[in-house]
Amino acid sequence: MAAGAVVATALLVLAAAVAAVSGLPAINVTAMVFEEGYAPLFGQDNILRSADGRTVSLLLDRSTGSGFISSSMYQHGFFSASIKLPSDYTAGVVVAFYTSNGDVFEKRHDELDFEFLGNIRGKPWRVQTNVYGNGSVSRGREERYVLPFDPTTEFHRYSILWTAAAVAFYVDDVPVREVRRSAAMGGDFPSKPMSLYATVWDASTWATSGGRYRVNYRYGPFVASFTDLALLGCPADPIRMVAGGGRQASCAADEEALRASDVAVMTVEKQQAMRRFREQNMVYSYCYDTLRYPAALPECDVVESERRRFKDSGHLRFALRRRGPRRSSRGTAAGRAAAAAAARAAAASRAAADLAAAAKKRAADM
């Protein structure tokens with residue numbers, strides 16, 4: 001089967017029209033075993049894998065953090081994992097799920113980030129997304145959210161969609177941010193092949209209240225677990241692509257399949273869901289940080305009703321109000337799909353719990 005047809009088939013599975021609790025088509029991903037697409041990056045002794053290879057736990061302890069990397073680099077794609085974050089006191093801890101080519105293009109790298117920022121006991125994890133293109137680190141494009149669920153008690157899916165036209169970040173089935181490419185962005189839009197990374201590390205100097213609260217290793221080891229690992233895209237050689245003018249002919253069919261897929265099309269329903277998420281959960285946006293950027297960066301879609309909720313610093317004016325638990329939809333098709341997903345998540349949680357117990361025992365024996 002041709003590469004484009006393989007990607008098209010995978011994307012049909014990915015965007016199967018099963019109504020999720022959000023009311024959007026569920027993102028059903030064909031997951032892979034760790035060895036099929038990934039390799040250890042650092043802290044190999046702190047990387048624990050389940051017996052079936054489908055759940056991986058990354059540990060941060062006094063000796064080191066840990067991380068893994070995709071075996072290939074990709075020119076556009078859909079990168080996804082279900083993640084369960086460390087619980088209890090996690091100040092200073094950062095769990096990252098991101099794409100980058102910094103190891104190849106040190107001074108003009110591209111990057112797309114999910115960064116999960118730990119907190120003191122009783123305070124929620126915060127999630128930060130960011131976009132860099134061609135080394136544009138002086139023009140950070142951070143947005144920060146508080147999640148509408150506890151990310152430490154069960155797995156939730158986090159996904160990055162990257163095409164030649166746009167970048168989108170998903171939490172479960174809901175797009176939470178979209179950055180559309182424009183001529184005005186120039187080289188700030190990611191354009192070169194990237195690898196997928198997952199890491200946990202000590203960011204005491206900045207992660208929690210600007211470094212006020214540091215990692216306390218008495219609460220360690222800190223365990224972040226990953227399952228439902230998925231990579232959909234065209235493997236590409238970054239050096240050959242740059243030398244050839246930025247396009248690899250063998251990726252053309254995959255690119256077209258990706259851009260035409262349901263997951264890449266921002267429907268009205270997706271836009272509405274994204275607007276609701278941002279209204280209810282976003283606590284910082286660079287687009288409203290006029291102290292940092294007196295003139296909004298070109299890709300910013302400034303929404304007046306949204307802008308009024310933020311200070312000149314880009315931070316939310318008032319604390320968010322948390323809603324009660326969602327109503328069950330178990331009797332519906334969405335409920336049955338959610339129940340099946342919950343069963344898979346429960347199995348992954350058991351595997352993650354076994355790995356975490358092994359990590360705690362190992363730490364106690366040291």
Side-chain angles (χ1 to χ4, degrees), residues 14 22 27 29 31 37-38 41 56-58 60 65-70 74 76-86 90 92-102 109-119 124-133 137 140-152 154-163 166-179 189-190 194-203 206-208 222-233 263-264 273-274 277-278 281-286:
L14 177 71
S22 64
I27 296 179
V29 179
Y38 307 88
L41 177 64
V56 181
S57 289
L58 300 180
L60 167 66
S66 53
F68 62 82
I69 185 174
S70 60
Y74 294 85
H76 307 130
F78 186 84
F79 312 94
S80 187
S82 293
I83 304 172
K84 188 160 95 171
L85 299 175
T90 56
V93 177
V94 168
V95 176
F97 182 74
Y98 65 104
T99 64
S100 178
N101 49 34
H109 83 286
D110 306 293
E111 189 170 319
L112 300 170
D113 294 329
F114 267 117
E115 290 181 310
F116 303 90
L117 311 179
N119 218 327
W125 279 82
R126 292 143 305 144
V127 182
Q128 181 168 284
T129 61
N130 210 338
V131 176
Y132 296 116
V137 293
R141 290 170 158 86
E142 301 94 339
E143 287 193 345
R144 194 172 289 184
Y145 324 92
V146 174
L147 293 168
F149 49 77
D150 184 347
T152 73
E154 58 186 13
F155 284 91
H156 287 270
R157 177 167 292 284
Y158 305 89
S159 308
I160 300 170
L161 172 71
W162 172 43
T163 72
V167 169
F169 296 88
Y170 282 78
V171 174
D172 290 327
D173 304 324
V174 178
V176 302
R177 179 181 183 184
E178 182 185 36
V179 178
F189 190 88
M194 292 189 277
S195 300
L196 185 282
Y197 296 79
T199 60
V200 58
W201 52 290
D202 184 330
W206 65 271
T208 307
F222 302 96
V223 182
S225 296
F226 298 75
T227 194
D228 294 336
L229 298 167
L231 294 169
L232 293 174
V263 73
M274 181 166 62
F277 182 94
R278 294 169 67 83
N281 301 286
M282 188 165 72
V283 295
Y284 172 82
S285 174
Y286 72 104

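Between the R157 side chain and the D228 main chain, a donor and an acceptor come within less than 3.5 Å of each other. Under the 3.5 Å distance criterion, the side-chain polar atoms of T208 are matched with a main-chain donor or acceptor of G118. Between the side chain of Y170 and the main chain of V263, a donor-acceptor pair closer than 3.5 Å is present. Without hydrogens or angle criteria, S70 side chain to L196 main chain gives a donor-acceptor distance under 3.5 Å. Between the side chain of N130 and the main chain of R141, a donor-acceptor pair closer than 3.5 Å is present. N119 places a side-chain N or O within 3.5 Å of a backbone atom of P124 that can act as its donor or acceptor partner. Distance alone, capped at 3.5 Å, places no donor-acceptor pair between the R144 side chain and the T129 backbone.
Interatomic distance, CD1 of I83 versus CZ of F155, reported as 9.5 Å (0.5 Å rounding). Expressed to the nearest 0.5 Å, how far OG of S100 lies from CG of D110 amounts to 8.0 Å. Here the CG atom belonging to D150 is positioned 10.0 Å from the NZ atom belonging to K84, to the nearest 0.5 angstrom. Note that CG of L229 and CZ of F97 are 7.5 Å apart. Values are rounded to the nearest 0.5 Å.
Across F116, Y197, Y132, F169, a single residue satisfies ring-ring contact (aromatic ring centres under 6.0 Å, His included) together with Y98, and that is Y197. With respect to L147, the side-chain contact (heavy atoms from CB on, under 4.5 Å) criterion is satisfied by exactly one of V171, V176, D172: V171.
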W162 and F189: CA distance, side-chain angles, deciding distance, side-chain contact (heavy atoms from CB on, under 4.5 Å) verdict: CA-CA 10 Å; W162 172 43; F189 190 88; 4.0 Å; yes
Stepwise side-chain contact (heavy atoms from CB on, under 4.5 Å) check, F222 with V94: CA-CA 10 Å; F222 302 96; V94 168; over 6 Å; no
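Between R177 and Y286 the shortest heavy-atom distance is NH2-CE2, 3.1 Å.
In this structure, the ring of F68 has its center less than 6.0 angstrom from the ring center of Y38.
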